[in-house]
**Q** 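Pasting in a structure now, in structure tokens, and then I'll have a few things to ask.
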2 protein chains.
Amino acid sequence: MTDQRLAVGAVMYPGFEMLDMFGPLEMLSILGEERVEIRMLAETDEPVPTAMGAALTSGPRVNVDATFANAGPIDILLVPGGFGTMPQLGNPAMIEFIQASAENARYVASVCTGSLLLARAGLLDGRRATTNKQFFALSAQESTAIEWVERARWVEDGKFFTSSGVSAGMDMTLALIRELFGVETSEMVAIGTEYTWHRDRDEDPFAAHLNGGMGMLGSVD
Amino acid sequence: MTDQRLAVGAVMYPGFEMLDMFGPLEMLSILGEERVEIRMLAETDEPVPTAMGAALTSGPRVNVDATFANAGPIDILLVPGGFGTMPQLGNPAMIEFIQASAENARYVASVCTGSLLLARAGLLDGRRATTNKQFFALSAQESTAIEWVERARWVEDGKFFTSSGVSAGMDMTLALIRELFGVETSEMVAIGTEYTWHRDRDEDPFAAHLNGGMGMLGSVD
């Protein structure tokens, strides 16, 4: 349970997946501005384009509330995934910001390939984590010190919450809201958003698609 | 089935609900920029704030791609809901834009209370439609010529697709993608986003919450 107002720092980069970001933020937004402040963060103050499939700069553009340099204290660090994750793995400004802000955050939550950025920042060494099922093979390359969980809607390990692909971020966020505000609140958020919450983090209907063909998503090579 | 590139016109206003918008747009974005163009529209070119619960201007702000005056031809008109819907019911610029662009659109899709804006524009007279369950009583006040369906995840009537609250927009959009591109494509989008698609539009787990207490959402009075 928590009484304080939570600062959510939402990390943007070109080609982040829009539902990775706005699914979790929707759930948090329902708690109201008295309990949550959402801060959209990026390396520069230019509006950040979301992904359109594998295209990194063609989707709707989201305004930046603060740059990494001026992000301020963050209680919940949210790192979405998407095709745009891949170039960010080689961006020191991104990795260093995630490292520094994760250290002081109460919770660090990633969606989809967002966990690759946490891994690159060294935050998941010695921990259990998960990621997008279609990109699972990539995660194993990040670090041998991470226990990547193949079958999981999301994984909790200490303050680190990592979810499977895209929609799984909503289920993970409801679990985080349950931890912060209690189960009645998380159930009311699910009802308010008419969302059928997958409450069981170990039940993963998409594990069958592990590294599977990429489907509509094209190739990352 | 369709071969042409679809122009999606996404209607923004202060206090639109972020998942009403970015759930459907996520599903469409997976089709890729070769098949879909997303155009974020608003009355003016100022970035538009999303809702934080009942607060209309505290959420993340989204950039405007074109104003109503320069919206261009639209194939799919997407109208989200949220607390911000209520003031827009009295905004002639909004209602007139929806009227005019709906006339030429191939499909008109609304999420949550977005259907109240379609109703106010007179587009749903003589049709079946649905809306957010917690605001259902409001819809009946709009027009006696509309058959409001209480128990539905979404309703299709000709080119008009109206969904229940927030998350239901994703299920509706997958149905629209099925109609446009076939069932294999819609299933691949659902898998790609790790989304458990509610395929049955008549199955509505949230009808039990009809006009129910408003919960976390506060009051619209």
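So that the names make sense, note that chain A is the first sequence line, chain B the second, and so on, each numbered from 1.
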**Q** Tell me, side chain or backbone of B/Met18 under 4.5 Å from chain A's heavy atoms, or both, or neither?
**A** both

**Q** Write down the atom of A/Ile38, the atom of B/Pro60, and the distance for their closest heavy-atom approach.
**A** CG2-CG, 3.8 Å

**Q** Would you give me the side-chain donor-acceptor pairs under 3.5 Å for residues 166-174 of chain A, sequence neighbours excluded?
**A**
{"unit_1": "A/Ser167", "atom_1": "OG", "unit_2": "B/Thr193", "atom_2": "O", "d": "2.7"}
{"unit_1": "A/Asp171", "atom_1": "OD1", "unit_2": "A/Tyr195", "atom_2": "OH", "d": "2.9"}
{"unit_1": "A/Asp171", "atom_1": "OD1", "unit_2": "A/His198", "atom_2": "N", "d": "3.0"}
{"unit_1": "A/Asp171", "atom_1": "OD2", "unit_2": "A/Arg153", "atom_2": "NE", "d": "2.6"}
{"unit_1": "A/Asp171", "atom_1": "OD2", "unit_2": "A/Arg153", "atom_2": "NH2", "d": "3.0"}
{"unit_1": "A/Asp171", "atom_1": "OD2", "unit_2": "A/Tyr195", "atom_2": "OH", "d": "3.3"}
{"unit_1": "A/Thr173", "atom_1": "OG1", "unit_2": "A/Gly169", "atom_2": "O", "d": "2.7"}

**Q** Check whether any side-chain heavy atom of A/Glu17 sits under 4.5 Å from a side-chain heavy atom of B/Ile30, and report yes or no.
**A** yes

**Q** Which of residues 20-28 of chain A get closer than 4.5 angstrom to chain B, counting heavy atoms alone?
**A** A/Phe22, A/Gly23, A/Leu25, A/Glu26, A/Met27

**Q** Working to the nearest 0.5 Å, report the span between OG of B/Ser58 and CD of A/Glu33.
**A** 3.5 Å

**Q** Provide the full list of side chain to side chain donor-acceptor pair (under 3.5 Å) pairs with a residue in residues 61-70 of chain A, sequence neighbours left out, each pair given once.
**A** A/Arg61-B/Asp65, A/Asp65-B/Arg61, A/Thr67-A/Asn70

**Q** Could you look at B/Ala190 and say if it's the side chain, the backbone, both or neither that has a heavy atom under 4.5 Å from chain A?
**A** backbone

**Q** Which heavy-atom pair separates A/Pro205 from B/Thr196 by the least distance, and what is that distance?
**A** CG-OG1, 4.1 Å

**Q** What option among A/Ala208, A/Gly59, A/Ala51, A/Pro47 has the most heavy-atom pairs under 4.5 Å with chain B?
**A** A/Pro47

**Q** Output all residues satisfying ring pair (Phe, Tyr, Trp, His ring centres under 6.0 Å) with A/Phe160, sequence neighbours left out; order by chain, then residue number.
**A** none

**Q** For A/Val64, which atoms come within 4.5 Å of any heavy atom of chain B: side chain, backbone, both, or neither?
**A** backbone

